[in-house]
Student: 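The structure under discussion is supplied below as structure tokens; questions concerning it will follow.
As the structure is a prediction and not an experimental result, all values here were calculated from the model.
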Amino acid sequence: MTSRTDRRRLALPLASLVLLSAAAVGAPWIVSVPPNAIPTDGIIASMPPSLAHPFGTDSLGRDVLSRVLHGARISLAIALLSVALSTSLGAAYGAFAGWIGGRVDTVCMRLLDVALSVPRLLVLLVVAALWGALPNGSLVLLLGLTGWYDVARLVRGDVRALREREFVLAARATGVREARILLRHVVPHVWPTLVVTATLAVAHTIALEAGLSFLGLGVQPPQASWGTILADGFTPGGARWWLTVFPGVAIVTVVLACNALGDALREALSPRQVAA
Amino acid sequence: MSVSSGATPLLEVRDLAKHYPVQGSWWRSPSQFIRAVDGVSFTLHAGETLALVGESGCGKTTTGRAILRLIEPTRGSVRFDGQDLLALDREPLRRLRRHMQIVFQDPFGSLNPRLTIGAAIREGLLVHELAQGAEADRRVAQLLEEVGLRAEHASRYPHEFSGGQRQRVGIARALAVAPKFIVCDEPVSALDVSVQAQVVNLLRDLQRDRGLAYLFIAHDLAVVSHMADRVAVMYLGRIVELAPRAALFAEPRMPYTQALLSAVPVPKPGRAPRRIVLAGDPPSPANPPSGCVFHPRCQHPAKDARCTRDVPVLAEKSPGHWVACHHVDVTTPLPPPLAPA
Amino acid sequence: MSASESGASRRWRALRRILQALFVVWGAATAAFILLRLAPGDPYATQIDELPIPAEARAAWRAERALDAPLATQYVRWLGNVARGNLGWSTLAERPVADVLVNVLPRTLALMGIALLTSLAGGMLLGAWQGTRAGSTGDQAVSATTLVLYSLPEFWLAMLLLQLFAHGLDWLPATGLVSADYDYLPFRAQVRDRLAHFVLPWLTLSLLGVSVFARFQRSSMLEAWREPFVRTARAKGLAERGVRWHAWRTSLVPVLGVAGLVFPSLVSGAVFVERVFAWPGMGYTTVQAVGARDYEFVTAAVVTGSAMTVIGSLLVDGLLRLADPRVRA
Amino acid sequence: MTRHLLTVHDLRVAFATEAGPARAVDGVSFTMNAGETVGLVGESGCGKSLTALSLLRLVPDGGRIAPGSRITFEEQDVLAMPERTLRALRGHRLSMIFQEPMTALNPVLTVGDQVAEVVRVHTTASAGEAWTRAVDMLAQVGIPDPAARARQYPHELSGGMRQRVMIAMALILEPALVIADEPTTALDVTIQAQILELLRDLRDRTGMALLLITHDLGVVAEMASRVLVMYAGEVVEEAPVALLFDAPGHPYTEGLLAAVPTLDSTRERLHTIPGTVPAATAWPAGCRFRDRCAHAWERCTTEPPALAQLGPAHRVRCHLVQEPERRRA
């Protein structure tokens, strides 16, 4: 089903994601220093990379490599869970509106217009302002609840188009029950959209969560996350490049890999490849 | 097949209509309708083929789908095998579907690209609990062979087949539930001539062997002349002429039918008929002309104010030959001489 | 088909579009109100409850703001205030929210507007160039670059540019709207100073925007390039330039469609970028307000942000109408 | 010796596919005289459209015209001429009408602009003059109220009107040769009748030569004076139209004619040609029709037949020409 070039384009991003996830999962075994350990004998200050601390230390003397790896666990977990939530929500909403059609669909879409017009970051800022520091669980919930609009729109479009396809009519004419038509003839054609948008959404959510944490509104210190490390390194003076570069590169690697993977999946799963 | 036999017809369509709203929105009821189908009536007997012909947009496809309730009709009645289809609830309708099937025009769109053709054909058997497991496999193999494919094709996907083969799969899918009646919606229009002939012959053979009734929707009059027992000509959502095949092709009465028949290019050089070339395009079904829908393009010499005012009813002008025209009794030779003003 | 009829239906369509936009803004405002009331406790608690004043004074304060009225009454009142432009009191600035907005909003609008124009222009040129030579080395290099740019978080790109151009090369000022000595500068130097401070925020947003539009323009051009009318253009004897123009003109339609959807991300981009460069626009002020628990300002920011998005997509709709005769009435 | 308007000699076009090279057009040769109407018939995939596109060097991406192919039009070598000369030819001396007027016209430009564009590319006419000529031409192809219609977009016209626009575009500079690729396939039969009448009328008025590509034998019978039948990338028969229909020489032509349903036939069953067209990547050795042919014998599997003279103007690619006794009843 996938050609050789497709597979090649999938391989690199997939490999980097697998590698990074492995590093995240294996963090406690890869680095011996705990992420929040403040040196008892050393210097409580931010130091550039050295043999002992390959990524340097932050302003409290904590090991940046350890914090980046442990931060990966949190960043990835939050992104994956919230995307799982938003994708399911969006798919359900979109499929419902698209399959029912008519006025229900129109009302659903108007509501979606409203939701889409409120910049997501502003909603997150309001919630942060009102509720203050959010535990990670609530952060997942919040990111999930504000991230499903695009999926809903795309799935609804797909489902509406599929509803008119002749093989769906043929199934209905045969006397197949609606639930079975949805499951067997519609869902398999929506999958590629879901997989692609979910992959791209992971990229977006990683960046968004890092941004929120950077603003001090996401993952709360002392917990390590890529955004909080970046915030620590961000001073008006502008020194301490290691606090900007290492977590930043980690974020960009994941986001880039997800985006590249999404692009490659879109090509590989496009109906042209299946039908022709 | 006798046209006016006294037996109860298998299918009886009365005043069927489908109007689509235009310019509607969710707080305002639509003010204008596209009259895709606007009062269509006919009957179809078991084992008979009625062809529904007309040009694109005349409502023939909508008629076919509305009869099967793949599109909900706006009004009218459809009696199938003694039951009123439009009054049926979802579940009884679903169960009844095994007796009436459809074959689509587009052999690419009518098969789910992600299902093997075996699975597509089995689906009908499974949902109507006609066969399961090995028995279903056997039936699928049998059906594939009946439509001229091979049993081992069952495990292949639609894209592995040519257009003609896919159309055979579509026919096998429809046959799986052993229906009495099939709507053939332009089943050969997308096919090349040599393949088209194969599928036309297949449909005829199946009708003979299984006693099927066809509603054969087509725009190609030549194909229709090979398939149909009776022919209904549609224009702008209405049947304007309905007659036994021979009568319709030999002696078309309605001016539109005459023009339609004369427009078909004949593959015999130097023997082209004297052609009636209609002016302009068919009007929009959102805004059909008053009176006879054909009057703006009509070439009939006796065309008069009545044509623009009164809707002509489809009336039986000679046994079995129904025409919707005010002036059909004024016999006109083909083509009509244009009277000097 | 008559001209007057289509004119009337066109006007009706435009009116309907504007009504829809109003509905959307109303929806956003309602959502903001609900969020504000959903918050744990009384959002005004910190403002008033910790003040060493008598309980009656507190009650009077609340009554004055109708905070003791039923929720529905509060909602109607609040909506009325919003409609009249009374967006509340900013505790951070100690001024009406509307006053603060009048100051900071134009800056952000200018930043977003100019960045959007550069993004569109740059992205369209780049993408159109790529679309006609898909698969070439040049196309692959540009695609790789735009993919990387597209994957950079706004704040991180801003930090890199800050580090490079301000701290490293010292070409441009690092932060703020103007330099400290702005008031003492001659007029031309003032203009130059303002522009110098504008460059980095603009550059950050534009680089990201170019990558977004280049990617869409490329695929849209690629699609148009395969359309039969491109072959017709060649068959007419057009030179490649003319053929490319045909394809580009058609490829604009989907790209403009996308432009209508980027406003929310443009808003969040502005928030991050203003924060990094401490450039006191709407975004920077909102972040400050969040830190200071300035509820009414943050709520107003949501309503304003939504209104900006809605107005932006209305404008894009207008452009789309110009570009695509098929969506015209 | 008369000078031909068009000479095609040993035209070969191949596509690279995953299954190897597809020899879609494989050694096509024919000539056309000024003012002549030639029909090129065959079923889908036989290479007839590709042959037509090759005449204008418009072979789609991935396809290549093989060296050794020669196309001479008005005594110029089309395949060897520089782009500039070729462009001057396209749409001016040699033009094309495409099948699907909806996609072959640019959806975002007015039809008047698209017709006028031809004039502006090939002549020194001003924009105003070109527009006037375009409107005039639209009137000539039977478009009512052409001045108003010229300002409309393709989607506002019916299929028949769109095809008239295509014809206006192709004929406005009175080319010596017009290639019409399935010009009526997308149209209803009554509209087809209008378009065929228009083409006949314009041909008689301007004296242009017409290469009519179609799968509809009825259309060929009505329009052409000479017919080329293609099968599997080759011309298998060439004959004056009356002769072809009365006494087809190739079993494929014979089968095709028998398979066409007609209005007056009373046959129960249609004649069919068994099997399907082989894939262009794997043409059978010997005669490409042999697997579907009722007359085939050993020679047909080993030796590819040449296009042999059967009568004065009748050429057939079949071994039966030499061994007519092999023909089965």
Side-chain angles (χ1 to χ4, degrees), chain B residues 53-58 148 161-165 188 190-202 204-205 208 219-227 235 245-246 248-250 256 259-273 275-282 284 297, chain D residues 42-46 142 144 157-161 184 186-194 196-198 214-225 227 240-246 252 255-277 292:
Chain B
V53 300
E55 299 180 280
S56 46
C58 72
F161 295 90
S162 70
Q165 287 174 317
V188 297
L191 306 177
D192 272 322
V193 172
S194 66
V195 182
Q196 170 179 301
Q198 295 170 1
V199 175
V200 165
N201 285 344
L202 173 66
R204 292 203 63 122
D205 293 348
R208 187 194 55 216
H219 67 269
D220 187 335
L221 290 152
V223 169
V224 162
S225 80
H226 272 264
M227 282 296 299
Y235 186 79
R245 180 185 67 101
L248 188 102
F249 284 96
Y256 174 66
L260 194 64
L261 282 171
S262 84
V264 179
V266 180
K268 291 189 184 74
R271 277 201 272 155
R275 173 163 294 164
I276 307 162
V277 176
L278 293 178
D281 296 306
S284 155
R297 302 171 81 201
Chain D
E43 297 182 278
S44 45
C46 72
L157 304 183
S158 68
M161 287 298 149
T184 58
L187 305 175
D188 277 320
V189 62
T190 59
I191 308 299
Q192 165 170 289
Q194 296 173 356
L196 291 180
E197 192 176 72
L198 172 69
T214 179
H215 69 278
D216 188 330
L217 289 162
V219 170
V220 173
E222 201 168 293
M223 297 286 293
S225 54
V227 185
V241 67
L243 191 58
L244 187 100
F245 281 86
D246 285 345
Y252 173 65
L256 208 56
L257 283 170
V260 180
T262 54
L263 288 182
D264 52 0
S265 85
T266 48
R267 273 168 310 188
E268 266 296 298
R269 292 178 66 82
L270 282 166
H271 176 85
T272 63
I273 303 174
T276 50
V277 185
R292 306 176 71 186

Student: Need one label for B/Val200: side chain, backbone, both or neither, based on atoms under 4.5 Å from any heavy atom in chain D.
Tutor: side chain
Student: With distance as the sole test, does D/Glu43 use its side chain to make a donor-acceptor pair with the main-chain N or O of B/Ser194 at under 3.5 Å?
Tutor: yes
Student: Quick one: list whatever passes side-chain contact (heavy atoms from CB on, under 4.5 Å) with B/Ser284, sequence neighbours left out.
Tutor: B/Ala286
Student: Under 4.5 Å heavy-atom distance to chain B, tell me which part of D/Thr276 shows up: side chain, backbone, both or neither.
Tutor: side chain
Student: Any idea which heavy atoms bring B/Val266 and D/Glu222 closest together, and the distance?
Tutor: N-OE1, 4.3 Å
Student: Working to the nearest 0.5 angstrom, can you tell me the gap between B/Lys268 NZ and D/Leu217 CG?
Tutor: 11.5 Å
Student: Does any backbone or side-chain atom of D/Pro274 lie under 4.5 Å from a heavy atom of chain B? Answer side chain, backbone, both or neither.
Tutor: backbone
Student: Checking B/Ala246 against chain D: side chain, backbone, both or neither under 4.5 Å from a heavy atom?
Tutor: neither
Student: Do you know which of B/Val193, B/Val223, B/Asn201, B/Val199 makes side-chain contact (heavy atoms from CB on, under 4.5 Å) with D/Leu270?
Tutor: B/Asn201
Student: Please give me the minimum heavy-atom distance between B/Pro269 and D/Ala242, naming the atom from each residue.
Tutor: CG-CA, 3.9 Å
Student: List the atom of D/Gly218, the atom of B/Pro265, and the distance in Å for their closest heavy-atom pair.
Tutor: C-CB, 3.5 Å
Student: Check each atom of D/Gln192 against the heavy atoms of chain B and say whether the ones under 4.5 Å are side chain, backbone, both or neither.
Tutor: side chain
Student: I need the D/Arg269 CZ to B/His226 NE2 distance, nearest 0.5 Å.
Tutor: 12.0 Å
Student: If you round to the nearest 0.5 Å, how far is CG of B/Asp281 from CG of D/Leu157?
Tutor: 9.5 Å
Student: Side chain, backbone, both or neither: which part of B/Ser56 has an atom under 4.5 Å from a heavy atom of chain D?
Tutor: both
Student: Shortest non-hydrogen contact from D/Thr190 to B/Ala263?
Tutor: CA-CB, 4.1 Å
Student: Can you tell which of B/Gly280, B/Gly164, B/Gly54, B/Gly163 has the highest number of heavy-atom pairs within less than 4.5 Å of chain D?
Tutor: B/Gly280
Student: Considering only heavy atoms, which portion of B/Asp220 lies under 4.5 Å from any heavy atom of chain D: side chain, backbone, both, or neither?
Tutor: neither
Student: side-chain hydrogen bond (donor to acceptor under 3.5 Å, both in side chains) with D/Asp216: which residues, sequence neighbours excluded?
Tutor: none
Student: If you measure from CG on D/Asp188 to NE2 on B/His219, what distance do you get to the nearest 0.5 Å?
Tutor: 7.5 Å
Student: Relative to chain D, which segment of B/Gln196 carries a heavy atom at a distance below 4.5 Å: side chain, backbone, both, or neither?
Tutor: side chain
Student: Name the member of D/Ile273, D/Val241, D/Ile191, D/Val189 that forms the most heavy-atom pairs with chain B at distances under 4.5 Å.
Tutor: D/Val189
Student: Between NE2 of D/His215 and CG of B/Asp192, what distance do you get to the nearest 0.5 Å?
Tutor: 7.5 Å
Student: Check whether D/Gln194 gets within reach of chain B through its side chain, its backbone, both or neither, counting any heavy atom under 4.5 Å.
Tutor: both
